[in-house]
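Presented below is the structure to which this report refers.
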Amino acid sequence: MAGAGGPARLLELFGTMLATRRFEEVVYALFAEGHFSGHYHLYIGQEATGAAVIGHLSGRDTIFSTHRNHGHLLARGGDPAAALAEILGRAGGIGGGRLGTFHLADPAIGMPHTSALVGGAVPLAAGSAFGAKLLKTGGVSVGFFGDGAFEEGVVFETLNLAQLWRIPVLFVCENNTPGALTRAEGGSNTSYLPGGRVSPVPEALGIPTHVVDGADLEAVDALAADALARVRRDGGPVFVEALTIRWPGNQSQYPTMATGETDLAMAWDAGRIGNEHRGWFAADDPVLRAARRLLELGAADAAALQAMDAQVRARMAAARETALASPLPDPATALDHVLAGAAR
Amino acid sequence: MAGAGGPARLLELFGTMLATRRFEEVVYALFAEGHFSGHYHLYIGQEATGAAVIGHLSGRDTIFSTHRNHGHLLARGGDPAAALAEILGRAGGIGGGRLGTFHLADPAIGMPHTSALVGGAVPLAAGSAFGAKLLKTGGVSVGFFGDGAFEEGVVFETLNLAQLWRIPVLFVCENNTPGALTRAEGGSNTSYLPGGRVSPVPEALGIPTHVVDGADLEAVDALAADALARVRRDGGPVFVEALTIRWPGNQSQYPTMATGETDLAMAWDAGRIGNEHRGWFAADDPVLRAARRLLELGAADAAALQAMDAQVRARMAAARETALASPLPDPATALDHVLAGAAR
Amino acid sequence: MTYSEALLGAIVEAMDEDERVALVWGSLGGVSGIKLDFGSLRDRHADRIVDPPISEAGIVGIATGAAMAGLRPIVPIGTGSFLFRAWDQLIHEAGGAHYMSNGRVTAPLVIHIRHGMRGGGGVQHSQSPQAMLWNAPGIEIAMPSTPADAKGLMRTAIFSDNPTVFLDHQMLLRREGPVPDGKHAVPFGKAAVARPGRDVTVVAASLQVVAALAAAATLAADGIEAEVIDLRSLVPLDQEAILNSVGRTGRLVVADECAPRCSIASEIAATVAEKGFDLLKKAPVRVNRLPSHVASSPVLEDALRPDAGRIAAAVRGLMD
Amino acid sequence: MTYSEALLGAIVEAMDEDERVALVWGSLGGVSGIKLDFGSLRDRHADRIVDPPISEAGIVGIATGAAMAGLRPIVPIGTGSFLFRAWDQLIHEAGGAHYMSNGRVTAPLVIHIRHGMRGGGGVQHSQSPQAMLWNAPGIEIAMPSTPADAKGLMRTAIFSDNPTVFLDHQMLLRREGPVPDGKHAVPFGKAAVARPGRDVTVVAASLQVVAALAAAATLAADGIEAEVIDLRSLVPLDQEAILNSVGRTGRLVVADECAPRCSIASEIAATVAEKGFDLLKKAPVRVNRLPSHVASSPVLEDALRPDAGRIAAAVRGLMD
Ligand SMILES: Cc1ncc(C[n+]2csc(CCOP(=O)(O)OP(=O)(O)O)c2C)c(N)n1
Ligand SMILES: Cc1ncc(C[n+]2csc(CCOP(=O)(O)OP(=O)(O)O)c2C)c(N)n1
Ligand SMILES: [Mg+2]
Ligand SMILES: [Mg+2]
């Protein structure tokens with residue numbers, strides 16, 4: 001579990017990233033085809049962060065995520081079919097249709113509950129680690145949250161508390177840079193903070209804080225190894241700010257498939273990259289970046305990556321079919337589990 | 001209004017401080033004699049901060065205070081008799097008995113509303129300044145709050161917002177050092193923050209931030225002049241952390257008159273200081289410190305200070321009598337002013 | 001005109017008319033693809049429009065302080081669930097200011113939220129906080145059901161001297177209806193008879209008025225004439241309109257999207273039971289969201305929803 | 001034994017007995033000079049006791065996360081008013097966790113608050129948030145009135161798998177009464193007949209039980225026998241006990257310190273009107289705090305308070 005891995009490990013993490021990418025593409029298609037409605041969010045552009053950080057966790061550890069949770073669930077080992085069924089509101093969903101896309105979580109994989117309220121993950125992650133500390137399980141927790149969460153006071157309170165109570169938690173702020181609109185209108189803290197970064201705040205509280213290129217799989221992998229080792233060793237909080245360039249599909253309220261279905265061959269064949277979103281394909285997309293790095297390291301050749309992708313796609317297509325075949329929940333169960341136990 | 005004043009100005013501010021001290025002693029006596037019950041807080045030990053900062057405000061400006069508000073009200077020109085009557089729950093109180101000690105305020109003197117919820121003053125002060133900015137009144141606001149308020153997320157949110165929206169507000173954190181108990185138990189952020197100070201946080205947000213000895217009248221006066229000038233000029237927030245040594249009477253939940261009624265002569269006659277609370281009398285008490293400085297500057301001699309004190313005491317004794325003579329509120333008015341205007 | 005356009009109209013008009021009206025831009029338009037075009041409003045009043053970060057507590061606290069200073073800020077919080085983040089500031093500061101000051105301070109802010117079950121909102125994006133709010137003194141609560149009322153009540157909210165929480169149901173935003181031109185104000189505390197009827201009184205607000213009207217149409221086919229009372233505002237409440245109607249019909253159903261306990265329906269039923277006991281021929285009936293959080297799946301959401309079918313069934317249960 | 005001591009007893013016992021029980025130290029003892037001596041508890045269980053900063057939202061969020069991990073944290077928030085700072089965390093995260101997970105996650109934390117009019121608490125230190133809380137699904141609510149119940153209900157709260165808000169009225173903390181030795185548990189959802197009577201049912205909880213008993217004693221002198229029902233918990237509610245009693249008396253008064261609208265009294269009155277309409281000989285009567293914030297002056301506070309006098313007057317109004 002410890003230390004940054006070699007090429008084989010990167011290849012494994014790349015598999016997780018690719019699974020997330022293909023999963024999100026399926027989610028988009030299901031929405032576009034009208035299989036579910038309502039607001040939703042995709043993790044495209046941040047796959048390296050989730051995969052690399054979560055890759056260092058053990059079964060005793062827990063993670064807490066946000067409205068943008070699909071990638072975290074998959075990296076933690078969540079079942080794509082049950083996740084898609086959940087997004088579709090089916091009985092076979094992880095939460096039997098109670099969670100939806102906003103709240104994907106699965107206690108069986110150390111992801112007990114997902115808050116879709118901005119910043120909600122932060123005290124919950126600290127709390128889970130605090131519980132583990134007092135119960136002496138040896139587990140730690142990771143809280144993922146966006147840069148926007150930094151604007152919510154409860155996040156600041158929790159950073160302060162984690163330091164005060166020495167809570168073994170890793171805070172991972174996924175700073176995906178506010179959309180052009182928000183930034184132009186000044187409606188975001190990162191539009192005035194030096195360098196658009198939130199890290200000066202945990203630093204001011206004396207929390208060990210690191211900034212990393214969140215789209216660089218190797219870099220996140222190495223940093224997460226160190227950071228988690230430190231959390232486990234020191235029994236206190238560590239803060240990581242992972243910077244990514246916002247996926248062009250994430251510029252308005254609903255995701256758009258601005259960059260199309262990912263063409264993995266763009267990783268080795270720059271000729272396939274057109275002028276539209278050139279920067280994204282050439283430099284920002286974490287999946288393409290990781291693929292290029294794997295080729296560079298000789299961990300795989302293009303054919304091997306294509307084969308891997310074909311496998312992942314097949315898995316997601318199967319998950320999609322399983323999810324669509326899952327029955328609707330029984331309306332008579334709508335009142336189950338409001339309260340636990342005999343008290344109901 | 002601008003600039004740090006000379007000896008005459010210090011003498012005037014000292015008058016405000018002395019009035020506050022004698023007022024608080026009356027409050028303590030009224031409580032001890034059973035004239036009111038319930039929890040209450042005294043401003044003893046912080047008089048220099050309130051007097052000096054508020055001394056730089058004009059009629060267009062507003063202040064917002066906390067559970068420890070008596071000194072702010074008096075420095076802003078509040079009527080001691082109406083304030084005491086309010087603490088006693090009388091009809092002649094500033095709020096007709098609706099406020100009590102927790103919420104002393106008077107819109108007529110630019111102190112519209114006092115929140116007794118920790119940190120409550122901070123967004124309200126920013127809001128008032130924000131209103132003044134949009135309404136173009138030229139006014140600014142000062143928000144006073146304790147070091148404990150720093151633990152409340154809404155305070156952090158407001159610092160961030162004040163910077164983002166460029167709000168002309170002066171934040172004054174009165175860090176009166178947590179009581180020995182709290183500190184020993186680790187139950188306060190300032191027990192782990194470097195130097196026991198909160199200022200690294202506004203600094204991290206890029207807010208101009210200053211730390212000052214809050215019991216040093218001259219120092220606060222000079223800093224407040226600069227800070228407020230900057231708020232007015234730049235139209236953005238400035239943060240001041242005013243450090244005081246906690247008054248020995250403020251160590252437990254209810255104030256105790258640990259240091260007795262203030263003997264002003266201790267300022268010039270060190271022989272009157274006994275062993276108990278020697279540090280307080282010799283070095284920490286802002287009233288005695290200011291008196292010594294005035295003597296040093298030749299702004300007044302001991303006799304003049306004694307005469308001033310006698311006048312202040314007489315004024316507070318009269319205020320006490322007026323307050324005690326004020327009738328109780330009419331129970332039939334208990335439902336007045338729940339809603340404003342015709343809507344009721 | 002749509003409900004959203006009418007609402008927006010009132011805001012644009014008030015900002016053009018009165019320099020004290022300010023707007024926290026944000027999410028007034030709502031999700032679900034509705035985009036309100038504020039047109040040139042932003043250009044005309046750039047100095048009175050700000051963009052919010054995600055800081056509900058700080059923003060409501062700031063708006064309260066600003067309102068005390070004479071501003072009339074309109075603060076869209078977006079999804080009503082998010083208002084819980086600012087609960088303390090709203091109830092203790094905005095709601096308490098006038099009373100505490102013995103009538104000398106006012107806090108005329110408007111908090112705008114989109115409440116209710118929206119289809120897939122789940123536990124954390126479907127709140128109907130109006131019942132909790134009604135338990136807090138000092139806050140006006142407006143809940144329109146038509147485009148015309150959205151416009152008229154928003155005008156009243158903006159110029160009211162009290163803090164007002166203005167609730168739009170997410171599913172009303174596209175509703176079409178006639179809207180009076182110009183400065184149209186609908187006073188608070190005046191219920192509307194959305195449909196007259198002699199047999200049973202159905203009290204509702206916001207989207208439940210639509211559900212009640214649908215139920216009434218069905219019932220009419222069976223010869224049952226339901227009178228639908230649209231409260232329009234909870235604070236102040238038009239108690240007389242309710243009691244008058246029940247005085248004529250002798251039967252009461254209250255339709256309400258809040259969870260049942262301590263709900264709007266509980267309050268109306270209790271008020272009528274207490275003040276109009278002798279008017280009632282039958283027990284009052286509450287039709288609420290079932291006693292649960294809101295599940296994300298549409299199937300479960302529908303099972304929990306108080307709808308025309310449940311309202312009609314409740315009415316039928318009273319007729320014999 | 002005092003109420004405070006009994007409450008403390010349950011906590012000490014649970015911590016000694018079960019390693020999952022943890023305590024956020026803080027303000028459990030309360031103001032007004034009451035000091036609870038936790039004795040050697042802190043020495044015995046130093047690793048399960050933490051001291052809180054002033055961060056209600058963060059603490060409730062953390063306690064919720066910890067409870068999901070298997071801890072049973074007891075979180076004293078102090079004055080109930082402060083709970084509004086943590087409203088979102090309590091309702092959306094703690095209250096929603098079990099439902100959202102389809103029954104696979106529990107959040108067994110206990111939030112302890114001191115509610116109510118305490119003498120000089122004013123607008124911001126006198127809240128009775130139980131009515132608002134009752135509108136939120138997924139949260140148990142306990143409100144003892146006696147030392148024995150304080151002990152027994154606290155034990156149930158600690159070992160319940162649900163989030164529980166445990167409300168002590170500030171003015172009950174010194175109340176004396178007999179308390180069973182040892183592991184005394186009082187189940188939730190079982191009301192107590194605090195005083196039997198045949199003429200009228202007075203439903204109350206927490207301090208209002210004391211007021212109702214005082215009223216009943218006065219009324220008895222005039223030959224009116226009031227039955228006082230002590231709810232003990234709101235969630236779950238012992239609806240049967242209320243309906244049984246009203247079935248015998250035919251008259252209902254509900255005493256409640258919440259502001260009237262959407263209050264506990266509204267809920268009980270509505271429930272009885274709906275489910276027990278034919279049992280009622282007279283209109284149900286609510287005795288609430290008057291519809292206002294709480295003023296600081298004791299004279300105004302008394303004017304707002306629902307007390308024995310107002311309860312007795314309400315009962316007399318029903319007897320003819
Ligand atoms: C308390 C709360 N306020 C507002 C929202 C609405 N909301 C959902 S996502 C979002 C933006 C979050 O930005 P960030 O945390 O940076 O995450 P990103 O979407 O950029 O990944 C907002 C405002 C919410 N879910 N919760
Ligand atoms: C939201 C809230 N939580 C808790 C309290 C209880 N309380 C009153 S004063 C106080 C300590 C405040 O410390 P600080 O801000 O440093 O002010 P000081 O009393 O030291 O001047 C606390 C916890 C409160 N009034 N409001
Ligand atoms: Mg972001
Ligand atoms: Mg302090």
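Convention: sequence-line order gives letters A, B, ...; per-chain numbering from 1.
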Part of C:Glu301 lying under 4.5 Å from any heavy atom of chain A: neither
Within 6.0 Å of CD in A:Glu25, more than 12 heavy atoms from elsewhere: yes
Can you tell me how far the CG atom of A:Asp330 sits from the CG atom of C:Leu300, to the nearest 0.5 Å? 8.5 Å
In terms of heavy-atom pairs under 4.5 Å with chain C, which of A:Pro329, A:Gly38, A:Ala332, A:Ala149 leads? A:Pro329
Ignoring hydrogens and angles, tell me if any N or O in the side chain of C:Ser55 forms a donor-acceptor pair with the backbone of A:Glu151 under 3.5 Å. yes
From NE2 (C:His125) to CZ (A:Phe102), nearest 0.5 Å: 4.5 Å
Where is the tightest heavy-atom contact between C:Val299 and A:Pro331, given as atom of each residue plus distance? CG1-CG, 4.0 Å
Between C:Pro291, C:Pro298, C:Ala303, C:Ala57, which shows the greatest number of heavy-atom pairs under 4.5 Å with chain A? C:Pro291
Report which part of A:Leu117 has an atom under 4.5 Å of a heavy atom belonging to chain C: side chain, backbone, both, or neither. both
Distance in Å, A:Arg98 CZ paired with C:His293 NE2, rounded so as to fall on 0.5 Å steps: 11.0 Å
For the student: nearest non-hydrogen atoms of C:Ser292 and A:Ala334, plus distance: OG-O, 3.9 Å
Output yes when a side-chain donor or acceptor of C:Ser297 lies under 3.5 Å from a complementary backbone atom of A:Gly89, and no otherwise. yes
On a heavy-atom basis, which atom in C:Arg85 and which in A:Gly119 lie closest, and how many Å separate them? NH2-C, 4.4 Å
